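A quick note: this is a predicted structure, and the numbers were derived from the prediction, not measured. What's counted below: heavy atoms across the whole structure, side chains too, no hydrogens, waters or symmetry copies. We're numbering straight along the sequence, starting at 1.
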Amino acid sequence: EGKERMNRRKVLGLYRQMMRYSRSFQSYNFREYAKRRVREEFKENVGVTDEVKLKELYDKAYVNSAMLKRQSSISRQFEPRKLFIENEIINHQHPRTDIPPP
């Protein structure tokens, strides 16, 4: 049971790390795509119990995590134009106070 918990902790740690890398993309589209793919991949394989398959999936996710880290690092070097939806999200979270109500 201790080994199982360690593996679960290790997998959850990798998931959190991949989500962190996904959130660091500058581009809204890349950021949302990466987050969605990470969630889908982990959700799709949540019921796997075969140790060999789990090791294979973990190794694949680990390689993908390194790729996400590299790509998000490159992404941070460039400032893309904000999309309309990003501006709406920002305005919704931080409404402007300098505009009087109608």
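Using a 4.5 Å heavy-atom cutoff, the side chains of Asn7 and Leu54 are not in contact.
Legend: salt bridge (Lys or Arg N to Asp or Glu O under 4.0 Å) pairs involving residues 54-65, not counting sequence neighbours, sorted by first then second residue: Lys53-Glu56, Lys55-Asp59. Contacts classified as salt bridge (Lys or Arg N to Asp or Glu O under 4.0 Å) and involving residues 11-25 (residues at least two apart or in different chains) are not found.
Under the side chain to side chain contact (heavy atoms under 4.5 Å, CB included) criterion, Ser24 pairs with Ser72, Arg76, sequence neighbours left out. Residues satisfying the side chain to side chain contact (heavy atoms under 4.5 Å, CB included) test with Tyr58, not counting sequence neighbours, are Lys10, Val11, Leu14, Tyr62. When the ring-ring contact (aromatic ring centres under 6.0 Å, His included) test is applied to Phe25, no partner is found at least two apart in sequence or on another chain. Applying the salt bridge (charged side-chain N to carboxylate O under 4.0 Å, His left out) criterion to Glu40, with sequence neighbours excluded, gives Arg37.
To the nearest 0.5 Å, the span separating CE on Met19 from CG on Leu68 amounts to 10.0 Å. Atom OH of Tyr15 and atom NZ of Lys43 lie 8.0 Å apart (nearest 0.5 Å).
Within 6.0 Å of CZ on Phe30 lie no more than 12 heavy atoms contributed by other residues, nucleotides or ligands. Residue Lys35 qualifies as enclosed at atom NZ: its count of foreign heavy atoms under 6.0 Å is above 12.
At distances below 3.5 Å, at least one donor-acceptor pair connects side-chain atoms of Ser22 with backbone N or O atoms of Met18.
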